[in-house]
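Fair warning: this is a prediction, and the values are worked out from it, not measured in the lab. Chain naming here is simple, since letters A, B, ... match the order of the sequence lines and numbering starts at 1 in each.
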Number of protein chains: 2
Amino acid sequence: MFSIGQLSKLTGVKIPTIRYYEQMGLIAAPERSEGNQRRYTADGLGRLSFIRHSRDLGFSIENIKGLLELSQHPERPCQDAHSIAVEHLKDVQNRIAKLRRLERELKRISKCDAGNIADCAVIETLADHGLCETEH
Amino acid sequence: MFSIGQLSKLTGVKIPTIRYYEQMGLIAAPERSEGNQRRYTADGLGRLSFIRHSRDLGFSIENIKGLLELSQHPERPCQDAHSIAVEHLKDVQNRIAKLRRLERELKRISKCDAGNIADCAVIETLADHGLCETEH
DNA sequence: CTTGAACCTATAGCTACTAGAGGGATTATA
DNA sequence: TATAATCCCTCTAGTAGCTATAGGTTCAAG
């Protein structure tokens, strides 16, 4: 049996976050000690690790709920899990593409070597979208 | 003079967002009509366009406050504006790097062609960090 | 038995908005 | 000029995914 602090250390998930996950229904409310403190089993540890890892990979709480549900039913077809992952991959790729356009623009405008604000390319570009090279 | 709705259409910033910016101190409270409705000048339009554009480029409200402050003082050196932009650029580059690691991992795990959850690579990888190829 | 660390609940705050309720103002048309 | 349609007002609460704080209780070591 682990206390919430031990679980936190083992998984790297902060204590208030664990309680938050419980509130959100991601993990079941665990048993309690006589003094009303949470006591987790190895099962709880596994589930929280799954969540931690999924969050690291950027899955939303809602997606993780779905994935956890699926993982409880080994006999089901895995299409659903697959499409959640693929959707998320698409999302990640979109975000990368968008950030790279920003990167280009920021690189360009931050090359400013003016002496004062009046001629600063950063300020000038922000004030006038027309000066941008890419769309956003 | 523009109403808030006209300003919204001209800049692409939604009406509640404009009011929110006013509340946050990004834009000054404009004059009001006799019936207490906001009336904006061309100046207000310029300022909101600046904000819109900066937000599009991912600058935070706090950063934008700083940049707006700077843009009001054309005689000052532009180092501050420059370093805000460079900091932001670094941040964007970090995020890109992180997302690309995720992309690799997600691509790998979503190649799963198992029939059911029991053998699904997606679920399996999420449950066990040890199966990952890159750190995160 | 005492002390200090760990734990409890409940509430509020963070970013950057968005949505809704319940009302008043403005404008176009009849 | 009346009225309907559209716009606008404030205020409050909700979104994601936590984090922080206050005020109190329990646990484990010495």
Side-chain angles (χ1 to χ4, degrees), chain A residues 1-27 29-40 44 47-48 50-68 84 87-88 91-92 95 98 102 136, chain B residues 1-27 29-40 44 47-48 50-68 84 87-88 91-92 95 98 102 136:
Chain A
M1 294 294 232
F2 314 108
S3 72
I4 197 169
Q6 291 172 318
L7 199 68
S8 169
K9 268 187 193 144
L10 289 168
T11 57
V13 178
K14 286 183 189 148
I15 292 175
T17 307
I18 297 175
R19 291 196 276 245
Y20 169 75
Y21 286 160
E22 183 182 324
Q23 215 180 297
M24 293 299 100
L26 272 186
I27 54 182
E31 286 181 49
R32 299 286 180 128
S33 71
E34 292 201 356
N36 197 35
Q37 300 193 355
R38 290 169 178 79
R39 291 293 175 260
Y40 296 91
R47 201 170 163 95
L48 187 56
F50 185 104
I51 294 168
R52 168 76 210 269
H53 194 193
S54 305
R55 284 296 300 140
D56 278 351
L57 289 169
F59 289 96
S60 72
I61 299 279
E62 274 314 299
N63 278 165
I64 297 173
K65 262 191 199 169
L67 291 166
L68 277 167
I84 290 173
E87 270 312 301
H88 184 47
D91 183 56
V92 166
R95 271 152 61 197
K98 209 173 162 194
L102 289 189
H136 50 247
Chain B
M1 293 293 233
F2 314 107
S3 72
I4 197 169
Q6 291 172 317
L7 200 67
S8 169
K9 266 185 194 146
L10 288 169
T11 58
V13 178
K14 285 180 189 151
I15 292 174
T17 306
I18 297 176
R19 291 196 275 245
Y20 169 76
Y21 287 160
E22 182 182 324
Q23 215 180 298
M24 293 298 99
L26 272 185
I27 54 182
E31 283 181 52
R32 299 284 180 129
S33 71
E34 289 200 358
N36 198 34
Q37 302 194 351
R38 290 170 179 80
R39 291 293 176 260
Y40 296 90
R47 202 171 163 95
L48 187 56
F50 185 104
I51 295 169
R52 167 78 211 269
H53 194 193
S54 305
R55 285 295 300 139
D56 278 351
L57 288 169
F59 288 97
S60 71
I61 299 280
E62 273 316 298
N63 278 165
I64 297 173
K65 262 190 200 170
L67 291 166
L68 278 167
I84 289 173
E87 270 313 299
H88 184 48
D91 183 56
V92 166
R95 271 150 63 195
K98 209 173 162 192
L102 289 189
H136 48 248

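In this structure, B:Gln37 places its CD atom 18 Å from P of C:dG23, rounding to the nearest Å. A straight line from CD of B:Gln23 to P of C:dT15 spans 13 Å, rounded to a whole angstrom. Atoms CD (B:Glu34) and C1' (C:dT26) sit 12 Å apart, rounded to a whole Å. Between the CE atom of B:Met24 and the P atom of C:dA16 there is a distance of 10 Å, rounded to whole Å.
Applying the side-chain contact (heavy atoms from CB on, under 4.5 Å) rule to B:Ser3 yields the partners B:Gln6, B:Arg39; only residues at least two apart in sequence or on another chain are considered. Annotation: salt bridge (charged side-chain N to carboxylate O under 4.0 Å, His left out) contacts of A:Arg47 (sequence neighbours excluded): none. The salt bridge (charged side-chain N to carboxylate O under 4.0 Å, His left out) test applied to B:Arg55 returns no partner, not counting sequence neighbours. By the ring-ring contact (aromatic ring centres under 6.0 Å, His included) test, B:His53 pairs with A:His129, A:His136, sequence neighbours left out. For A:Phe59, the ring-ring contact (aromatic ring centres under 6.0 Å, His included) partners two or more places apart in sequence, or in a different chain, are A:His88. Among residues two or more places apart in sequence or in another chain, the side-chain contact (heavy atoms from CB on, under 4.5 Å) test is passed with A:Lys9 by none. Annotation: side chain to side chain donor-acceptor pair (under 3.5 Å) contacts of B:Glu22 (sequence neighbours excluded): B:Arg38. Listed by chain and residue number, A:Asp91 satisfy the salt bridge (charged side-chain N to carboxylate O under 4.0 Å, His left out) test with A:Arg95 (two or more places apart in sequence, or in another chain). Considering only residues two or more places apart in sequence or on other chains, B:Glu31 meets the salt bridge (charged side-chain N to carboxylate O under 4.0 Å, His left out) condition with none of them.
For DNA chain D, the contact window with chain A, defined by any atom under 4.0 Å from a protein heavy atom, covers D:dG17 to D:dC27 in 5' to 3' order.
A heavy-atom distance below 4.0 Å to DNA chain D is reached by these residues of residues 3-22 of chain B, ordered by number: B:Ser3, B:Ile4, B:Gly5, B:Ile15, B:Arg19. Listed by residue number, the members of residues 59-68 of chain B with any heavy atom below 4.0 angstrom from DNA chain C are B:Ser60, B:Ile61.
In this structure, A:Arg38 reaches the C:dC8 phosphate: one of its side-chain N or O atoms is under 4.0 Å from OP1 or OP2.
Comparing A:Gly35 and B:Arg55 by the nucleotide of DNA chain C whose heavy atom lies nearest to each, the residue mapping closer to the 5' end is A:Gly35. Between A:Ser33 and B:Asn36, it is B:Asn36 whose nearest contact on DNA chain D lies nearer the 5' terminus.
The two residues A:Thr11 and A:Arg52 come nearest to each other via the heavy atoms O-NH1, 3.0 Å.
Side-chain contact check for A:Ile18 versus A:Ser8: some heavy-atom pair is nearer than 4.5 Å.
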